[in-house]
Each structure stands twice: as C-alpha cells, then as structure tokens.
There are 2 protein chains.
Amino acid sequence: MPQSRPRIIPEATVARLAVYLRVLAGLADGGRSHVSSGELASAAGVNPAGLRKDLSYLGPCGVRGVGYSVAGLRDRLTDALGGERSRPCVLIGIGRLGSALADYAGFASRGFEFVGLLDTDPAAVGRRVGGLPVRPVAELESVVAETQAAIGVITTPAEVAQSVCDRLVSVGVRSILNFAPVALTVPAGVDVRKVDLSVELQVLAFLDQQRHGTPPLVAPLRAAQGSAR
Amino acid sequence: MPQSRPRIIPEATVARLAVYLRVLAGLADGGRSHVSSGELASAAGVNPAGLRKDLSYLGPCGVRGVGYSVAGLRDRLTDALGGERSRPCVLIGIGRLGSALADYAGFASRGFEFVGLLDTDPAAVGRRVGGLPVRPVAELESVVAETQAAIGVITTPAEVAQSVCDRLVSVGVRSILNFAPVALTVPAGVDVRKVDLSVELQVLAFLDQQRHGTPPLVAPLRAAQGSAR
DNA sequence: ACGACTTTGTTCAGGCGTTCACAAGCGGTT
DNA sequence: AACCGCTTGTGAACGCCTGAACAAAGTCGT
Ligand SMILES: NC(=O)c1ccc[n+]([C@@H]2O[C@H](COP(=O)([O-])OP(=O)(O)OC[C@H]3O[C@@H](n4cnc5c(N)ncnc54)[C@H](O)[C@@H]3O)[C@@H](O)[C@H]2O)c1
Ligand SMILES: NC(=O)c1ccc[n+]([C@@H]2O[C@H](COP(=O)([O-])OP(=O)(O)OC[C@H]3O[C@@H](n4cnc5c(N)ncnc54)[C@H](O)[C@@H]3O)[C@@H](O)[C@H]2O)c1
C-alpha cells in the first residue's frame, strides 16, 4: 500500500533528489552500504540540513545514529522520481547538439531512452545516431503514436522550435525539454523546461565583472585595509 | 564611472536580463523601435511586473506611456551584463558534447569566443573543430596563460572533472561552466555553474508522474528554470 | 543493562524572490 | 494650455526556500 504522501515536494527539492540519486548509484557501485547526510551532502554539493529536509518529504528513510542505507535510499528515490520504468523520448533536430544527446549513454542508464530521432534535413535523414536511424520530421506524429513517447526534446533552430513544440503537444506529449533559445508557449498541463547555455555563460561573465569591482578573496593577512566595495 | 550601481542585482534577475537581451536583439533586427513591458515579457516568458522590476535594477530605462527603446535598452543590458568585449573561453573535453559547443555560432555572437580546445585523447588532438585545433590537455596551463581565458567549460567525463577544475583554478580561471554530472569543489571567489541534463529529464518525469497519479500536487514552482547551482 | 555518542527528523527564524496593485510621469489630443 | 489614457517604476504583502539550532532515537561500548 502506498502510504499517504502528506506533503507536496517543492520542485527545487525534486531537482536535488535527482542529484542525490545519482550520487547514491555511484556509492552503491562502490560497495558502500551506508552514508551519513553529511557525506552525501558533500558529494552532492549541498547543505546537510537541507539534504535531510529534502529526504524528509519522502518520510523517514534513515536510521538515527547510523545514516541512510545506500541501496534502500536509492530505491526509494528511484520510486519517488518516477519508478524504474523506461521513459521513451523523441528528439527533434539531429544537428550537432542533437547528435551528442542521441549518442549519450548517460540517459539510458537513468531510464530515459530515445525511441525516435527526427530531422528535416535530407542529408541527416537515414543516418544512424546512437543505434537509431534518423527519420524525416514529417513522421513526428506517427513516431510519437507508435512509441508512446512521453518526453520531447527540441534541438532544432530557434525559428522552428515553437512549431515543433505545437506538433508535439498536439499528439499528446506533455513534457518538453527545450534547448532552443526561445520561450515556448504551451497550454496548461504541459511542462516545459529550458536549457539556455548562452545565459549560463552570460551569468558567469556578469559575476566575474561584479567581482572585479570588489577587492575580494586574497585574504589580507595584515588586518587593516580601507576601501571595501 | 563605475559608480552608478547602488543596488545589487539578484542572480535570478541576471539570468533573465540575458534572456531579455536576446529578445531585444531579435526585435532590433526586425526594425522595432519600441516595446512595452507586456510584449517583452510575453516574448521572454515572464510576468510583466517582474520584468519591470528586473529592469529597475539598472535604473529607469523606459519612457512612461511609451515603453522601452529597443536599441537603448539593448545597449544598456549589454553594458550591465559585462559590456561588448569578447570573453575568451577554454573548453576541456572535445567529445560529442564538447564538439557541439565548440562548433556553435551562437556563443560568439554574444561575445563568448573559444580560444582553446583541449583533450587528452591522441585521436582527438590535432583535429580542427569550429576553426580551432584541438590541443593536448597537458598544455592547459600555457593555453590559459597565453589567451588570458576568463571562463572554463568542462565537458570531460565526470571522473576527471574535478582535477580539470583544479587545474583551471590554479591558473586563475574564476568562472567555470560544468557539464559533467559531479559537484565541483572550488575555493571561495570562484563561480561554478552546472548544467545537468539528466536532472532536467528526471524533473520532467516526476512532474508527469504527479500529473498521472493522484492529484496531490506538485509544489507551486518557480516558473523560471534557471539552472542548477 | 545503562550511559554516552552519533545521526536523523523537525522546528524556527531569516532572506529572497515573485506577485499584485497603485501612484507618478509622459505623449497625444482637444 | 489642460485633460486623458497609457505605461513605467515602486512599495508592500505573500510564499518559498535556505540555513541553523534542537530534540528524538538508535547504536555502540562498558
Ligand atoms: N550546439 C550548441 O552547442 C548549442 C548551444 C546552445 C544552444 N543551442 C541551440 O540548440 C539548437 C540546435 O543547435 P545545433 O548546434 O545542434 O544546430 P544544428 O544546425 O547543428 O542542428 C539543427 C538541426 O535541426 C534540423 N532542423 C531544422 N529545422 C527542423 C525542423 N523543422 N524539424 C526538425 N529538424 C529541423 C536541422 O536539419 C539540423 O540538423 C539551436 O536552437 C541552438 O540555438 C545549441
Ligand atoms: N553528450 C551528452 O549529451 C551529455 C549529456 C549530459 C551530460 N554529459 C556529460 O558531459 C561530459 C561529456 O560528455 P560527452 O558525451 O561529450 O563524452 P565524450 O566521451 O564524447 O567526450 C569526453 C571527452 O573528454 C576527453 N577527456 C577525457 N579525459 C580527459 C582529460 N583528463 N582531460 C581532457 N579531456 C579529457 C575524452 O578524450 C573525450 O574526447 C560527460 O561528463 C557527460 O556525462 C554529456
């Protein structure tokens, strides 16, 4: 019996749970049987108290005085994040980035399997990438229907991303991961997550510039120093 | 006159400013002279009031009753995010993902230029990617010194990411973008941003499961999806 | 068997970020 | 010149998330 889930899980917590799960998988492969919240938090790059709070959304999973069972917690997280069942994904736009994703083994190990690769370029269609043939994008609807794909990944040029998204939604895909630098508009009930690499670089550049305005880190051994900021 | 920044800009705002900047660049190309906060917010996928608040960190940039000057706001954002000067970047790990990044034109147009591509694989070294030759990773330190690279992008396997990061930090790189699925440890004063594609898929899977199961719901989420920290 | 130590789970307060709502300012119109 | 409508900019409330301190609970050692 699935006992009640009294609390709702914040999305920020969900993202971290996925990180914990990956760390735990590595620990399990290494033969570890137990971990403490401190060690796990360190490996995940978060605060130990925050980690315990995150895990508490799943109910008590640890043993006081001992820590968490690696295998037990891994299974529990796996279950909480959607079980072990394979999630079929379609990938649209098999260019440089799309090819890299299609060829990446790290997704399959987490239950995400590409079942359809689609492109509009005749030169790309027919090529095999990651063991799967690239099919013409005209077959998008039939591929989704055949494979019951649950997730659509968009790596097309930005100009066509919205139209590709609309077609995915129209055939029932309700989860979309978008790499194109545009904000997609979708009806309620469809989730979109966007990965914007240019923004990441721009944020880094901003933080760097901001740092130059402040005399930061080289610790002044001599105490006194005047101007801060 | 670097004084005119009395207020600090939240990091979440900085990420959105970068998005606004891209939208504005497109609008400027289209010949538009003015935009309202509502239209801009719609194109960026955010709330109009939030957009105005974001822009207010830069001081008044608009004209009441009219809107924002496209070119003027674009220039102001460009300046706030670090100016137009080119930012030299080094990329370590020229595999599938690294090659896609090195070959991507969208970064250069925003001032990010790859000045060094490094890999350890003899088969990769010497290859030209995006007009640049791949050099042996042993030359990392000298490449950074020569090019004064400000940003390091890590697309190596996870096992070696920390050691690559350490080497980057040791030669003065203080901004790092990490694609490997590990939490990097860095000294204070170094910024790391992590892009974790598996986590994005896992969050989508979780949200989908929540939707299918009992409607004890997801938490009210933070609409924007910046990036992992 | 008992005590002390370790580690979890929870509670509390604080900081950020987002949102709504409204007043101020500007252009256009009469 | 004055009015009207439109849009910006901002002040304040609300809610979420983070970080820290505390109590419960279980284990290990004696
Ligand atoms: N490559 C990167 O490092 C990178 C970085 C950041 C963002 N992006 C974004 O990711 C997207 C893809 O980038 P890329 O470098 O792989 O570009 P790319 O040009 O190499 O690949 C795009 C692919 O999409 C295909 N395509 C075009 N129209 C299509 C349609 N209507 N239906 C299906 N497929 C279509 C093209 O044939 C091509 O194969 C772009 O939006 C880009 O802005 C890429
Ligand atoms: N490809 C993807 O779609 C994808 C998705 C998510 C995460 N990632 C992560 O990005 C990273 C790269 O992925 P990939 O698919 O490009 O892998 P890849 O194996 O194709 O490329 C890795 C490259 O790094 C090089 N390398 C290995 N050790 C090195 C070292 N010490 N110094 C410099 N270079 C070294 C290898 O020679 C290889 O060329 C991995 O950590 C992976 O987990 C990739």
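Throughout, a chain's letter reflects where its sequence line sits, starting with A, and its residues are numbered from 1. Everything numeric here is computed off the predicted structure, so don't read it as measured data. Basis for what follows: all heavy atoms, side chains included, without hydrogens, waters or symmetry-related copies.
Looking at which nucleotide of DNA chain C each of G59(A) and A12(B) is closest to, the 5′-most match is held by G59(A). Place C61(B) and D54(A) on DNA chain D by their nearest nucleotides, and C61(B) ends up nearer the 5' end.
The pair D208(A)-R211(A) meets the salt-bridge criterion, with a side-chain N (NZ, NE, NH1 or NH2) lying under 4.0 Å from an Asp/Glu carboxylate O.
In this structure, P10(A) and Y57(A) have side chains that are in contact, with non-hydrogen atoms separated by less than 4.5 Å. Between C165(B) and I154(B), some side-chain heavy-atom pair lies under the 4.5 Å cut-off. No side-chain heavy atom of V23(B) sits less than 4.5 Å from a side-chain heavy atom of V35(B).
Counting any heavy atom pair closer than 4.0 Å across all strands shown, G50(A) reaches no nucleic acid atom.
Between the CD atom of E39(B) and the C1' atom of dC6(D) there is a distance of 15 Å, given to the nearest Å. Remark: P of dC17(D) and CG of L55(A) are 16 Å apart, rounded to the nearest angstrom. The distance between atom NE2 of H34(A) and atom C1' of dT8(C), rounded to the nearest whole Å, is 14 Å. Look at CD1 on I9(B): it is 15 Å from C1' on dG17(C), rounded to the nearest Å. Atom CG of L51(B) is separated from atom C1' of dT10(D) by 14 Å (rounded to the nearest Å). In this structure, CG of L40(B) is placed 15 Å from C1' of dG9(D), rounded to the nearest angstrom.
Here dC26(C) is the nucleotide among dC26(C), dT8(D), dG9(C) with the atom lying nearest to any side-chain atom of V63(B). Nearest nucleotide to the side chain of K53(A), out of dT8(C), dC17(D), dT18(D): dT18(D). When distances are taken from the side chain of R52(B) to each of dT18(C), dT8(D), dA21(D), the shortest belongs to dT8(D). Of the candidate nucleotides dC17(D), dG11(D), dT8(D), dT8(D) has the atom lying nearest to any side-chain atom of R64(B). Comparing dT7(D), dA12(D), dG27(C) against the side chain of V66(B) picks out dG27(C) as the nearest.
Taking side-chain N and O atoms only, Y68(B) has a distance below 4.0 Å to OP1 or OP2 of dG9(D). For dT8(C), one of the phosphate oxygens OP1 or OP2 lies less than 4.0 angstrom from a side-chain nitrogen or oxygen of S37(A). In this model, the phosphate group of dC20(C) is approached by a side-chain N or O of N47(B) to a distance below 4.0 Å at OP1 or OP2. Look at Y57(B) and you won't find any side-chain N or O under 4.0 angstrom from OP1 or OP2 of dG17(C). Between R16(A) and dC17(D) there is no side-chain polar atom (N or O) within less than 4.0 angstrom of OP1 or OP2.
The CD1 atom of I9(B) sits 9.0 Å away from atom CG of D54(B), with the distance rounded to the nearest 0.5 Å.
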